[in-house]
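A short write-up of the structure that comes next.
What you are looking at is a predicted structure, and each value in this text was computed from that prediction instead of being measured. Both backbone and side-chain heavy atoms feed into the values below; hydrogens, waters and symmetry mates do not.
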Amino acid sequence: ALRYIDDPNSLPGTLVQTVLQVAALGGDAALYDRYLAQLRKPGLAPEEYYRFFNTLAWFRDPALVTRTLQFALSNDVRTQDTGTLIGQSLAREASREAAWQFTQQQWPTLTSKLGTFQGIPTIATSLQAFCSSQRAADVRQFFQRNPVASADRTLNQSVERIETCAAVAQRQSAPLV
């Protein structure tokens, strides 16, 4: 990844995203800062911007997960991309719980910044990555207290998928008699 940052011609375009993601999995704050620096480069092509942007959620260090979530709400991220970054964090096992806590804590800010059509459906869809009956109940209760009519169907589908995953996990982990 560092070699690619220093010399974009060092990798074929088809491998760049994978290399950046794999490096992020074990990446530290220094690498994270290098990725952020790429996002701020003047004249950066959109394809190159999104290669780095979409990789931020791959960092597993809890401090970097927090930075990614805070970055998602910052003025440095376009409103249309906020839901994507939070959704990616919800989808990744290493950041899922932190992203869910962040989503709940920042819900008024998220709905104010994103409105109900831009980004909220992406977040709602990403919740389906959970796989426990307890989390399904938590998600259901949260959205009963904080309804989003425009994402109601998506939220119901996400809860259904969480419950299905939990049921399958329960069946597959039951002891054989």
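In this structure, the side chains of R60 and V65 stay at 4.5 Å or more apart for every pair of heavy atoms. Side-chain atoms of L36 and L39, non-hydrogen and from C-beta on, do get closer than 4.5 Å to each other. A 4.5 Å side-chain heavy-atom check between W100 and L127 finds at least one atom pair inside the cut-off. For the pair I162 and V139, the minimum side-chain heavy-atom distance is below 4.5 Å. Side-chain contact between R34 and D6 is present, with at least one heavy-atom pair separated by less than 4.5 Å. At least one side-chain heavy atom of S89 sits under 4.5 Å from a side-chain heavy atom of T68. Contact check for D28 versus L64: no side-chain heavy atoms found under the 4.5 Å cut-off. Counting heavy atoms from C-beta outward, W107 and F143 have side chains that approach closer than 4.5 Å.
For CD of E160, the number of neighbouring non-hydrogen atoms (other residues, nucleotides, ligands) closer than 6.0 Å is 12 at most.
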Assess whether side chain to side chain donor-acceptor pair (under 3.5 Å) is satisfied between Y4 and N9, documenting all intermediate values.
CA-CA 7 Å; Y4 174 76; N9 293 320; over 6 Å; no
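At a threshold of 4.0 Å, the pair E93-R96 does not count as salt-bridged, since none of the basic side-chain nitrogens sits closer than that to a carboxylate oxygen. Salt-bridge formation is detected for the pair E97/R135: a Lys NZ or Arg NE/NH1/NH2 atom is positioned less than 4.0 Å from an Asp or Glu carboxylate oxygen. Between D33 and R67 there is a salt bridge, with a side-chain nitrogen of the basic residue lying less than 4.0 Å from a carboxylate oxygen of the acidic one.
Heavy-atom minimum distance, A129 versus L90: CB-O, 3.7 Å.
When each of T79, V77, L85 is checked for a side-chain contact (heavy atoms from CB on, under 4.5 Å) with D81, only V77 meets the rule.
For the ring-ring contact (aromatic ring centres under 6.0 Å, His included) test, residues two or more places apart in sequence or in another chain that qualify with F52 are Y35.
For the residue pair Q17/T55, the side-chain donor-acceptor check at 3.5 Å is satisfied.
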